[in-house]
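Heads up, the thing below is written out as structure tokens.
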Protein chains: 2
Amino acid sequence: MVRATITDVAKRAGVGVATVSRVLNDSGYASEKTRKKVMEAVEYCDYEPNLIAKSLAQKSTSLIGVVISDILNPFYAKLIHAIQATCDEHKYSIILCNTDESKEKEREYLGLLSSNRVNAIILAGGRGIGESYNNHLLEAARKTPIILVNESVNAEGIFCVCCDKEKGAFQMTEYLIGLGHRNIVHVAGYPNFKPTQERLAGFLSAMHKHGLPVGTDNVIYSDYHISGGYATACDILSRDVLPTAIFASNDLMAIGVMNALQENGIVIPDKMTVVGSDNILFSEFTTPSLTTIDHDVALLGEHSVRMAIALINGEIPHRHEMIDTKIIIRKSSGKAKVTA
Amino acid sequence: MVRATITDVAKRAGVGVATVSRVLNDSGYASEKTRKKVMEAVEYCDYEPNLIAKSLAQKSTSLIGVVISDILNPFYAKLIHAIQATCDEHKYSIILCNTDESKEKEREYLGLLSSNRVNAIILAGGRGIGESYNNHLLEAARKTPIILVNESVNAEGIFCVCCDKEKGAFQMTEYLIGLGHRNIVHVAGYPNFKPTQERLAGFLSAMHKHGLPVGTDNVIYSDYHISGGYATACDILSRDVLPTAIFASNDLMAIGVMNALQENGIVIPDKMTVVGSDNILFSEFTTPSLTTIDHDVALLGEHSVRMAIALINGEIPHRHEMIDTKIIIRKSSGKAKVTA
DNA sequence: TTGTACGCGTTATCAG
DNA sequence: CTGATAACGCGTACAA
């Protein structure tokens with residue numbers, strides 16, 4: 001349990017600590033002979049460099065903080081996976097924080113990560129960032145570069161990488177309209193959430209473009225969870241006039257919607273079309289398989305890390321990066337049933 | 001971007017650094033007057049303690065390393081969630097490493113975490129730990145306490161917290177037998193993986209107890225992924241004599257199995273019963289909903305962290321902790337169809 | 001109750 | 001090419 005220090009190694013090798021450091025980091029010169037002596041001593045002492053001390057000396061930790069709203073959502077799990085993998089390639093480690101969608105925890109974690117001197121922070125699923133002004137976010141950004149995933153804030157030190165959710169929702173809506181659907185309900189997520197608003201915007205603009213009426217019944221806000229989708233579908237089912245298609249703002253809610261529908265004997269897609277967004281792993285394995293919008297999460301994670309590292313290296317990347325989306329057509333969507 | 005140090009705060013407050021430290025950490029005395037002066041200076045300087053320097057001085061990082069085999073598996077996502085939440089309660093942060101089931105990466109991460117001087121390491125889904133002797137694991141454990149989740153190794157510095165998977169599998173098998181099933185296929189996971197072996201043991205012992213024959217056809221090894229379950233089910237379907245029930249070693253494979261079955265027109269559970277293990281979120285929302293074994297992952301994560309912290313605090317917990325499991329009966333299981 | 005000075009393990013500068 | 005030595009920012013005896 002007692003660990004060797006660089007001094008121990010230096011003594012054992014009969015050299016100075018600077019030499020050991022140089023050899024280990026391949027910085028500066030070192031004769032082949034001393035190099036060998038040092039490596040032997042390292043081996044002998046079972047020496048492992050203390051990254052904490054290194055961080056202190058170099059004022060850089062090789063740590064990136066990742067703040068996520070809900071790791072239980074496969075979308076974010078996949079994002080974390082991509083972030084971690086890309087960080088690993090670049091010799092960064094991640095400190096993971098999960099806020100459970102709590103704004104307060106988000107705030108705490110930002111401070112904690114700052115105290116831990118992470119070199120950058122990647123924040124995904126931040127609640128209510130878009131419209132409402134988040135003082136703590138801006139403040140944190142003055143000390144640590146922040147990369148927002150799927151959000152966008154126009155401020156110093158805050159950078160964003162997003163999927164083109166508006167376009168994706170627009171395409172999806174046009175696809176539904178192309179299938180003959182005219183009464184489509186969009187199950188939106190949290191109101192003050194950028195992705196919610198973007199997808200809603202895409203939905204509305206497609207509806208308008210095709211001259212379809214959009215009333216208050218056509219948009220319902222929910223919470224991005226299965227249970228929320230379920231409850232919303234139940235509400236919809238109590239209506240006199242049912243829509244022929246439901247477009248949920250994420251797959252989790254779509255799954256909840258399908259569940260409620262099926263429990264009420266509504267066959268998908270024969271009687272009702274259901275589509276989602278995110279293309280989580282399980283959307284392929286629901287019954288019927290779910291038509292959805294794919295976001296290339298791997299790319300999303302990769303780019304956010306690239307941006308973080310660029311910032312760390314003092315480069316100034318574009319403040320806003322956009323990733324394309326595409327529609328995945330499966331079996332939960334079909335032609336609108338001809339109403340009597 | 002320039003951060004204040006404790007010295008800056010001390011100067012501003014007109015006190016010594018020790019006083020600032022004492023005030024901020026509530027250690028030692030400090031008059032109300034100086035306390036106030038210090039707090040004002042902290043505010044004025046926008047001071048955030050440097051945890052890196054603190055770690056170096058105290059030889060403790062408040063960091064726990066988490067090594068996971070597959071964060072994309074909802075079981076592990078849930079585990080991470082629990083681990084992170086519990087760590088947070090105890091003022092620990094986590095460095096997350098995902099091995100993608102690579103033994104080599106696991107090895108690398110162990111070293112990296114050790115260099116980062118994490119106070120403990122929680123390892124879940126470690127590949128092939130049980131039987132084959134893992135030198136690097138034992139070596140790492142001599143420097144950093146290691147907690148194995150769902151694995152068990154009897155060695156100095158290695159502690160384990162497991163679910164009683166054997167019992168769970170035993171109960172599940174008895175449940176199936178109780179439904180009249182006699183020809184049951186167990187789709188196992190990776191052969192050299194403790195959970196695989198435990199569930200297999202439970203399966204076998206229940207079959208034996210009830211005098212049911214178990215041939216080579218009754219156990220098939222796969223890979224814990226949806227695709228693996230799918231492929232395995234396809235294999236099974238090509239047989240002359242089909243089983244009446246399939247018990248997959250995790251829910252992911254069970255989902256793959258159900259998918260393959262349904263694609264071939266086999267109605268679940270009328271023609272075939274399918275059950276899994278893990279009770280991941282989605283097992284409730286498959287069609288039909290999946291009968292499975294619940295593991296109380298939250299408790300699993302919580303206990304692993306508690307054990308880690310106990311070890312950090314120099315306590316010596318039991319080397320092995322066990323968490324109970326229970327069967328969740330849903331709609332994918334039913335009475336064995338009466339064969340002609 | 002408060003301040004000084006040292007140690008934590010590295011890196012980096014600067015003579016040699 | 002190599003070796004002292006001064007930072008890095010904090011906690012903490014120890015002294016006052």
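Per chain, numbering begins at 1; letters A, B, ... match sequence-line order. Treat the numbers as computed from the prediction; the structure is a model and nothing was measured.
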Winner on side-chain proximity to B:Leu56, out of C:dC8, D:dT2, C:dT11, is C:dC8

Check the distance between D:dC1's P and A:Arg35's CZ and give it to me in whole angstrom. 10 Å

With nearest nucleotide decided by heavy atoms, which residue, B:Gln58 or B:Ser31, maps closer to the 5′ end of DNA chain C? B:Ser31

Does B:Ser21 place a side-chain N or O at less than 4.0 Å from the phosphate oxygens OP1/OP2 of D:dC10? no

Can you tell me if B:Thr34 touches the phosphate of C:dT2, counting only side-chain N or O atoms and a distance under 4.0 Å to OP1 or OP2? yes

Under 4.0 Å between any heavy atoms, over every strand shown, what does B:Val17 touch: base, sugar-phosphate, or nothing? Just pick one. base

Please work out if B:Ser27 contacts a base, only the sugar-phosphate, or nothing of the nucleic acid, heavy-atom cut-off 4.0 Å. nothing

Is there a donor on the side chain of A:Arg117 or the base of D:dG9 sitting less than 3.5 Å from an acceptor on the other? no

Distance check needed: D:dT12 C1' versus B:Ile6 CD1, whole Å only. 11 Å

Minimum-distance nucleotide (side-chain atoms of B:Val15 versus C:dT11, C:dG3, D:dC10): C:dG3

Spacing of A:Leu51 atom CG relative to C:dT10 atom P, expressed in whole Å: 9 Å

Rounding to a whole Å, what distance do you find between A:Lys59:NZ and D:dG9:C1'? 8 Å

Between the CD atom in A:Glu89 and the CZ atom in A:Arg306, the distance rounded to the nearest 0.5 Å is 7.0 Å

OP1 or OP2 of C:dT10 under 4.0 Å from side-chain N/O of A:Ser55: no

Would you say B:Asp46 and A:Lys143 make side-chain contact, with heavy atoms under 4.5 Å? yes

Side-chain touch A:Ser93/B:Asn116, heavy atoms, less than 4.5 angstrom: yes

Would you say A:Thr196's side chain and A:Tyr190's backbone share a donor-acceptor pair under 3.5 angstrom? yes

Counting only side-chain N and O atoms of A:Tyr29, is one of them less than 4.0 Å from OP1 or OP2 of D:dG3? no

Can you tell me the distance, in whole Å, between the CG atom of B:Asn50 and the P atom of C:dC8? 18 Å

Can you measure B:Asn116 atom CG to C:dT10 atom P for me and round it to whole angstrom units? 13 Å

Rounded to whole Å, CG of B:Asp8 lies from P of D:dC8 at a distance of 11 Å

Spacing of A:Asp26 atom CG relative to C:dT10 atom P, expressed in whole Å: 17 Å

Do the side-chain N or O atoms of B:Thr19 get closer than 4.0 angstrom to the phosphate oxygens (OP1, OP2) of C:dT2? no

Base D:dG3 to side chain A:Arg22, donor-acceptor N/O within 3.5 Å cut-off: yes

For A:Arg12, look at atom CZ and say whether over 12 heavy atoms of other residues, nucleotides or ligands are found less than 6.0 Å away. no

Regarding B:Ala30, tell me which of base, sugar-phosphate or nothing describes its non-hydrogen contacts under 4.0 Å with the strands shown. sugar-phosphate

Between A:Asn73 (side chain) and A:Phe75 (backbone), is there a donor-acceptor pair under 3.5 Å? yes

